[in-house]
Amino acid sequence: MPLAEDIMVKKDRVVTFHTHDDISYVAQTFYKKNISGAPVVDLEDRPIGVVSELDIIESVKKSRIEKLSQAKGLMEKTKVSEIMTKKVVTASPDTSLTELADLMFKKDVNRIPIVDKNGKLLGLITRGDLLRGVYSQIEQR
Amino acid sequence: MKLVKDLMTVKVISFRPSDKLSKVAETFAKLGISGAPVVDDQNRVIGVISERDIIELIKSKSGIKERTEGMLTETLQFFHIYPVVSIEFRRTMKELDLEEKFWKEIEDGKVEDIMTKKPLTVSEKEGIDKSIELMVVKGVNRVPVVTEEGELVGIITRADIIQSFSQSVEEN
């Protein structure tokens, strides 16, 4: 039975943001890295939120700008802290695959930051990573 | 090993090849889905249409518009994020004339122009291992479930697989 630490993407390869980052930068990073969301961490690398594509879209829609060309300017002025989801579902490295699936399903999250005893980021598991974990289990049979 | 029929969703949204992309975009946005099978008039699966297909169309069309390239690059970066929602969003905004025509071209396009043809499918009697393999190896998010004649009977998605593993927690 694989554990979170076996499946997770390790923190050196995890894209994270800080509360003061502007969402134009976030959008461009999502685009370049082909991801749809990421954890927001404090200066001690502890996850304090999650920011996703949907948060960005909702934010721009709410602003009711009249011209598309205004979107970029607006996004440059908006900070991650204003749009992120503050409730983060995290898990410890020894969490089992089934427990992770349970969390994803019950809490309806797309990604789970994996943290150590001090709450510091060790890695990230997305739905895709979870599925890969399941797949490698099946392959081994 | 669970079977596809234990996990699949039976009430599956599908489109026809002649459906307009504007209908696809609205449906996706309203139902919160990102893809769906395309069926012929005998309900046989002939393709799959997804958000990604619409993104690719936007990217390929925007290559033509050199005059506003700078702005379109930004637009593209923005719209790459959620083209489905953005198509609805666009209607509430005043746009440049040129952009109106650009977006209209996208919206009036047909499912058959951009769908993935001859998609991977599974049968409901199979174990879910093949579905998982398709998702991991081929990177698909959903697999239509079909009869031997290719008729659509359901759909199995990544969320269904994850949910099944979640429920196995209670079984232990």
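Naming convention: chains lettered A, B, ... in sequence-line order (proteins, then strands); numbering from 1 in each chain.
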Taking B:Asp40 first and then B:Arg44, would you say they form a salt bridge - that is, a charged N and a carboxylate O separated by under 4.0 Å? yes
Is B:Lys23 salt-bridged to B:Asp19, cutoff N-O under 4.0 Å? yes
Is a donor from one side chain sitting under 3.5 angstrom from an acceptor on the other, for B:Ser34 and B:Arg142? yes
For residues A:Arg111 and A:Ser36, is any side-chain donor paired with an opposing acceptor at under 3.5 Å? yes
Please classify the contact of A:Leu100 with chain B as side chain, backbone, both or neither, using a heavy-atom distance under 4.5 Å. neither
So for A:Leu130, is it side chain, backbone, both, or neither that comes closer than 4.5 Å to the heavy atoms of chain B? side chain
Output the option from B:Val137, B:Val136, B:Asp129 having the highest count of non-hydrogen pairs under 4.5 Å with chain A. B:Val136
